[in-house]
Amino acid sequence: MSQEYPLYVILLGAPGAGKGTQALHISKTLGVAHVSSGDLFRAVRESDTELGRLVKSYYDKGALVPDDVTIRMILERLRQPDCVTGCLLDGFPRTMEQAQALDAALKPQAKRVDKVIYLHVSESELLRRLSGRWLCRNCGASYHTVSAPPKQEGACDLCGGALYQRPDDTLETAKSRLEVYFRQTLPLIDYYMQQGKLSQVNGGQSIEAVEHAMSGALRS
Ligand code: ADP
Ligand code: ADP
Ligand code: ZN
């Protein structure tokens, strides 16, 4: 995709929809940084600080981290030099307040959200994906025991890092994360649809087919 101005693209979808998996490829195609709120929170969660403990108390239950903390973290990330020409947002915004804060931050710089790709996946498939997900501790890449196994068991194809299962991917916590998604994040679909920015992609297809459909949606 040729880029004449800063390009801000949002990947919207439920936990397990395949946002992280697709973001690796799409951010390269667009030539912009990949900003994942989940990855940023996982790094903070490990730290022995007040913020780390606060994030952990929400994250581990599958609840959303409060908007003020989340918005501050993302807007600070967007001020880094690699985001000046745009970025691919994965996992943010997740509430109406976050979406409005993002718009308000971009506007004075004559920037805007250009495109929102909504990855739709059925609830039963989301639970299947979350329960078999393994992540690289080093680079954050996602694998799945059945649909996307690593070449070598327990090791990341991209960097050789050790793979682990997220504490919030247990069936019980995954179910409450989906409830949070339906209640707090789904309204964003209307918000961006009304602005003519939303493209829906069938995320229930194979990883390659989703990649192809997303490239088409980005060109449209
Ligand atoms: P998200 O970032 O939206 O939470 P991930 O990209 O981590 O989702 O994907 C969730 C799980 O589903 C991972 O285990 C991943 O390997 C797997 N996965 C991603 N896309 C697909 C797909 N199109 N088909 C089957 N499994 C997939
Ligand atoms: P998934 O895509 O599987 O839901 P993420 O890695 O995006 O997971 O997010 C993991 C957790 O990090 C969330 O359950 C929540 O606690 C926190 N989090 C991530 N993004 C946000 C956000 N935009 N607002 C509030 N909390 C967030
Ligand atoms: Zn890795």
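Whatever order the structure lists them in is the order used to number ligands and atoms, beginning at 1.
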> N/O to N/O below 3.5 Å, does that happen between Trp134 and ligand 1?
Replying inline: no
> Any idea which of Asp169, Val65, Thr185 brings a heavy atom closest to atom 26 (N) of ligand 2?
Replying inline: Val65
> Does Lys61 make a cation-pi contact with Tyr58, if we ask for NZ or CZ under 6.0 Å from the ring centre and within 45° of the axis?
Replying inline: yes
> Who's the nearest protein heavy-atom neighbour of atom 12 (O) of ligand 2, and how far?
Replying inline: Tyr59 CD1, 3.4 Å
>> Quick check against the 3.5 Å criterion: does Ser47 have a side-chain atom that pairs as donor or acceptor with the backbone of Ala43?
In response: no
>> Using 0.5 Å steps for rounding, measure from the CD atom of Gln98 to the CG atom of Leu89.
In response: 10.5 Å
> Got a second to check how far His144's NE2 is from Ser131's OG, nearest 0.5 Å?
Replying inline: 5.5 Å
> Any N or O on Ser142 sitting closer than 3.5 Å to an N or O of ligand 1?
Replying inline: yes
>> Do Leu30 and Val9 have side chains that approach each other closer than 4.5 Å (heavy atoms only, starting at C-beta)?
In response: yes
>> A side-chain contact here means heavy atoms from C-beta on lying under 4.5 Å apart; do Lys56 and Arg45 qualify?
In response: yes
> Has ligand 1 got any nitrogen or oxygen that is less than 3.5 angstrom from a nitrogen or oxygen of Thr21?
Replying inline: yes
>> Just so I know, are the side chains of Asn138 and Cys156 near enough to count as touching, which here means a heavy-atom distance under 4.5 Å?
In response: no
> So which protein heavy atom does atom 2 (O) of ligand 2 come closest to, and at what separation?
Replying inline: Lys19 NZ, 3.2 Å
>> So Tyr181 and Leu64, do their side chains get closer than 4.5 Å, heavy atoms only?
In response: no
> Any idea which part of Ala14 is under 4.0 Å from ligand 1, heavy-atom wise: side chain, backbone, both or neither?
Replying inline: backbone
> Within the structure, does Arg42 bring an N/O atom to less than 3.5 angstrom of an N/O atom in ligand 2?
Replying inline: yes
>> Pro15 versus ligand 1: do any nitrogen or oxygen atoms come within less than 3.5 Å of each other?
In response: no
>> Quick check on contacts: which atoms of ligand 2 are under 4.0 angstrom from a heavy atom of Ala63?
In response: 15 (C), 16 (O)
> How far is atom 8 (O) of ligand 1 from its nearest protein heavy atom, and which residue and atom name does that atom have?
Replying inline: Gly18 N, 3.2 Å
>> Counting only heavy atoms not in Gln200 (residues, nucleotides, ligands), do more than 12 fall under 6.0 Å from its CD?
In response: yes
> What atoms of ligand 2 come closer than 4.0 angstrom to any heavy atom of Gln98?
Replying inline: 22 (C), 23 (N), 24 (N), 25 (C)
> Which atoms of ligand 2 have any heavy atom of Arg177 under 4.0 Å away?
Replying inline: 1 (P), 3 (O), 4 (O), 8 (O)
> Got the closest protein heavy atom to atom 21 (C) of ligand 2, with its distance?
Replying inline: Arg94 CD, 3.5 Å
> Heavy atom of Gly16 under 4.0 Å from ligand 1?
Replying inline: yes
> What heavy-atom pair brings Gly204 and Val121 nearest, and what distance separates the two atoms?
Replying inline: N-CG2, 4.0 Å
> ligand 1 and Ala148, any nitrogen or oxygen pair closer than 3.5 angstrom?
Replying inline: no
>> Checking a contact table here: which protein heavy atom is nearest atom 23 (N) of ligand 1, and how many Å away?
In response: Gln205 O, 2.8 Å
> What atoms in ligand 1 come closer than 4.0 Å to a heavy atom of Ser206?
Replying inline: 23 (N)
>> Pairs of nitrogen or oxygen atoms closer than 3.5 Å, one from Gly20 and one from ligand 1: do any exist?
In response: yes
> Strictly by modelled atom types, are His34 and Asp90 linked by a side-chain donor-acceptor pair under 3.5 Å?
Replying inline: yes
>> For Asp82, is there an ion pair with Arg77 - N to carboxylate O distance below 4.0 angstrom?
In response: yes
> Do Leu127 and Leu178 come within less than 4.5 Å of each other through their side chains, counting heavy atoms only?
Replying inline: yes
>> Checking a contact table here: which protein heavy atom is nearest atom 10 (C) of ligand 2, and how many Å away?
In response: Arg166 NH2, 3.4 Å
> Hey, are Thr173 and Ser176 close enough side-chain-wise for a donor-acceptor pair under 3.5 Å?
Replying inline: no
> Gly91 to ligand 2: N or O pair under 3.5 Å?
Replying inline: yes
> Taking distance alone, with no angle check, do Ala17 and ligand 1 share an N/O pair under 3.5 Å?
Replying inline: yes
>> Less than 4.0 angstrom from a charged side-chain N to a carboxylate O is my criterion; do Arg129 and Glu125 meet it?
In response: yes
> How many degrees, to 10°, between Cys136 SG and Cys139 SG as seen from the Zn ion (ligand 3)?
Replying inline: 110°
>> Looking only at protein heavy atoms, which one is nearest to atom 25 (C) of ligand 1, and what is the separation?
In response: Ser147 OG, 3.3 Å
> Which of these, Gln22, Arg129, Arg133, has its nearest heavy atom closest to atom 18 (N) of ligand 1?
Replying inline: Arg129
> Should you measure from each heavy atom of Thr70, which atoms of ligand 2 turn up under 4.0 Å away?
Replying inline: 22 (C), 23 (N), 24 (N), 25 (C)
>> Show me which atoms of ligand 1 lie under 4.0 Å from any heavy atom of Tyr143.
In response: 13 (C), 14 (O), 16 (O)
>> Could you go through Asp168 and Arg42, starting from their C-alpha distance and side-chain angles, then the distance that decides it, and tell me whether this counts as salt bridge (Lys or Arg N to Asp or Glu O under 4.0 Å)?
In response: CA-CA 11 Å; Asp168 56 333; Arg42 276 182 282 285; 5.5 Å; no
>> Give me the residue, atom name and distance of the protein heavy atom closest to atom 20 (N) of ligand 2.
In response: Ser37 OG, 2.8 Å
> atom 17 (C) of ligand 2: which protein heavy atom is closest, and how many Å away?
Replying inline: Phe41 CD1, 3.7 Å
> Within a radius of less than 6.0 Å around NZ of Lys175, do more than 12 heavy atoms belonging to other residues, nucleotides or ligands occur?
Replying inline: no
